[in-house]
Amino acid sequence: MAAPMIAEWSWFVALAFGVSFIKCLLLNAYHSTDFEVHRNWLAVTHSLPVSQWYYESTSEWTLDYPPFFAWFEYGLSHVAKYFDKEMLVVQNLNYASPATVLFQRLSVIFTDLVFIYAVKECCKCCREDKGKDLLGKSSFILATLLLWNFGLLIVDHIHFQYNGFLFGVLLLSVARHFQKRHLEGALLFAVLLNLKHIYLYVAPAYGIFLLRCFCFTQNNADGSLQWRSFSPLRLVALGLIVLSTFAVSFGPFIVKGQLQQVISRLFPFKRGLCHAYWAPNIWALYNIADKALSILGVKLKLLDMSKFSKASMTGGLVQEFQHSVLPSVSPLITLICTLLSILPAVFSIWRRPNGARGFLRCMVICALGSFLFGWHVHEKAILMAILPLSLLAVESKEDARTFLILSTTGHFSLFPLLFTAQELPIKILLMLLFTIFSFSSLTKLFSKSGPLLNSVEVAYLLGLVPLELICEFVYPLTSWQHTLPFIPLLLTSVYCALGVLYSFIRLYLSVLTAPSTTGKAKSQ
Amino acid sequence: MENWSLVSVCVLLGLTTRWAVSFSSYSGAGKPPMFGDYEAQRHWQEVTYNLPVQEWYFNTTDNDLGYWGLDYPPLTAYHSLLCGHVAKLINPAWVELRTSRGFESAAHKLFMRTTVLFADILIYFPAVILYCIYLSDGSSKRKVATALCILLYPGLILIDYGHFQYNSVSLALTLWGIVGLGLGWNLLGALAFSLALNYKQMELYHSLPFFCFLLGKCIKQGLMGRGLLLLVKISLTVLVTFALCWWPFLSDPQLILQVLHRLFPVDRGLFEDKVANTWCSLNVLIKIKTLLSRDTQLLLSFALTLLSILPSSIKLLTKPTLWQFKLALVNSSLAFFLFSFQVHEKSILLPLLSVLSYSMLPLLLKDGLLLPYTVTSLAFLYLGVYLLSALDRSPEEELRLGSCALHLVFLQFTVSLVAMAGLSFTSVVLEPPARLPDLFPVLVSVFSFLHFLAMLLYFNLVQLTEPSSKKSQKKTN
């Protein structure tokens, strides 16, 4: 029999090509206001001088990403002018000619090359047994879970964003840490922070890890910190890298005295506790509790309804509002809650680092903690936890279990982003595709040690099916659709929040109860 | 991964690709007064819903046959009727007599696309899965790969979900017929194929192989005993199916004649448009369309078609095995396509892969489907090459139809890729010279024609030279 003719990485190329073709077919799909956001930024960076970028407000979608992303858009705009010059005119609000759509979509597909490269680097870091057939190899499973990730596909290529590119930088930085090229990893993360500041969510993990494992070159025999192995040189190198990156990014604006304006654009705290579509986090549950209590209170004549503000919490606008019964939540409180939630994990890797894998775990916890407790969290941020968790999922059964729960509920919570009838089959089909693949491949991978999920978890996940049927098919046909249109969103958020919270707790337990790797010198 | 999950993944990929292609424009979008095939289907829903059966195929005040008159057999009409009923439930304006002509809206497009998807899921996908599980060779992985290749075949996706048609229904029914015959469920096979014939008369291309295969099986079982019984049962099944489908028309021979007249428009000439068959290509050198009278043309095409399928049919009759059957199907459809009367380019919709996709380029360009075409063709080509090279192959398996056809196509692709790319590129980008305005479509047609002719010769060779005993034959019954 002829030897298998699979070249070393040809399966990877096939996967990458396959998903790229699907992305190309989605060119004509629905796109959200984010499309106009990015078109506006192309126009602003192309037509106006740098000093105006963060002051320009002709469009309501002002520039609210850090300077590197603005330069990225500037670079793109130079290619854009060959497609349709009109999209680069700032006044052309909501301009969406076919050439514009083509260009923007292709730019996302093209910049995904960064993501594809990063995935390849991550696959190289996989520990796997030799001699397994292709579909059972953990690198294959990981590549598919990342390249064909449902969340990325629908957020980037339908809804429209550049997350593939950004997550590519993040995953590449993680891969570099796995490969013990810490300075590169640090540089990449610094660049990433200046591309999209939401990655501050995971900055604590980076900071503590680099300090603990890079600046302190050795551990004691029992794995604890050896204070004398502190290397000032490394600290200085790190500091230089980070500071110089920020200097290049913010320098021009500091020089012009615009720093305050830039910061106010990047951190618009006026936006309200919850985004228009509630992210499935703690505050969603909090809001529900508040609403339930207030209704109960009114019914029991304990509270006076006239004292309540009329603002509907999910009216689709981003406003600040006050809670009726429970204490109001301010940005400061969310910050404190977030920090409290991630502190134990961060402390844990300080005491007992588990190398790059421990760092990755801490990173996922930081991302999830910030997601659960943060201010004005967008549900897309769940990807920041799901994607890195994929790397852990192919190596440990417990993590696989958590991954399945988190990814299924997290992806489901993204459904409200695509609300058009035309996209309904696509999102269901792609969700089924990803879910079936992830379940069956991970189950097969860890088949030796029994079933992956217990019956409660399976029941919870299966509950998503009737939830979807109710929210998308049954509810719109009832009369409540007009009076209480936000109920489906509410149900989705609350149901998924439970799953996300559960995954968070499970991850925490795995960190706190993990045995430390004793005797291994973490010298670089 | 478990097999069922692999199959599910393939099915989901097939469905996703189909629906994503459906986002694109359809035939005749925004092009009054005639629009395109999409409007034709909608019009048939209108006609079948509002008018009595007897008037469907006739030119009446309410039914103008000049505006997309029905020209498919009754089963298509019944399908349209069903869709018409559903349409009426959702929005009556879609099927209002006369006033709904040229109706276009996003919701309507969604509805029409959904009907295609529904038919696919119900009939086509199960047929493909069954075919791959039971009637294709190789390891389970290879079967799944075959299923994926068939499900992702761009030609069918583009025509059904882009241009807009229901080819998957008739193809699916034929496939059910093949599955039935292959598994020894002869009556089911006969029933399914009869239904296919009653859905689209194009399936006549496959009729001779079905006939010869079944007859061959009967002969093998002995015409004086069980064979005769089988023959009687099959004939009854076919007759009853036809009777049921044509029931409303059986009362009056005039009705039947009119329907036949609509199905086989011999007045329309040897060919229309640019199609990759003999007559169109021959016409480039000798203007036979004008040279010969219509009756001579009819006779000529009939004779040549018959001649070209005779060897294959006789061989199948004498040796009714599944492998022969498959080859005969290929040969018969190729022969009909190349030589018969009034062939449309869509008639080549058979699993003969990428050359087909290419020859439909002019048609797809007209519909603004260039992007999905490029993407799906490239994907298909790449996937096919990758899958086939990745799986183990024994020399014997190389002759199997699936890998054989693909092998041939890839061979020819490596040779003619440059030519094809060049022609595609020029037909999109350049303007043809004024004296020969149809230069590029004609070149595409002629090029494809030569490929089809070569394929016809090759497959006939393969079928006719098969040795009488092959150890890996499926059992004949």
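As the structure is a prediction and not an experimental result, all values here were calculated from the model. Throughout, a chain's letter reflects where its sequence line sits, starting with A, and its residues are numbered from 1.
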With sequence neighbours left out, the residues meeting ring pair (Phe, Tyr, Trp, His ring centres under 6.0 Å) with A:Phe446 are none
Residues 144-155 of chain A vs side-chain hydrogen bond (donor to acceptor under 3.5 Å, both in side chains), sequence neighbours excluded, gives A:Asn149-A:His411
dist A:Asn28:CG -> B:Ser24:OG (nearest 0.5 Å) comes out at 5.0 Å
Honestly, the part of B:Leu15 sitting under 4.5 Å from a heavy atom of chain A is both
When rounded to the nearest 0.5 Å, the distance separating CZ of A:Phe437 from CG of B:Leu6 is 9.0 Å
Output for pair (B:Thr16 OG1, A:Ile428 CD1), nearest 0.5 Å, gives 11.0 Å
Side chains of A:Phe434 and B:Leu12: does their closest heavy-atom pair fall under 4.5 Å? no
Quiz item: Do A:Ile426 and B:Phe23 come within less than 4.5 Å of each other through their side chains, counting heavy atoms only?
Solution: yes
Heavy-atom closest pair (B:Trp19 atom, A:Gln422 atom, distance to 0.1 Å) is NE1-O, 2.7 Å
* Inspect the surroundings of CZ in A:Phe473 and state if more than 12 heavy atoms from other residues, nucleotides or ligands are less than 6.0 Å away. => yes
Of A:Ile141, A:Leu430, A:Leu432, the largest count of non-hydrogen pairs under 4.5 angstrom with chain B goes to A:Leu432
Rounding to 0.5 Å, atoms CD1 (A:Ile22) and CG (B:Leu13) come to a distance of 6.0 Å
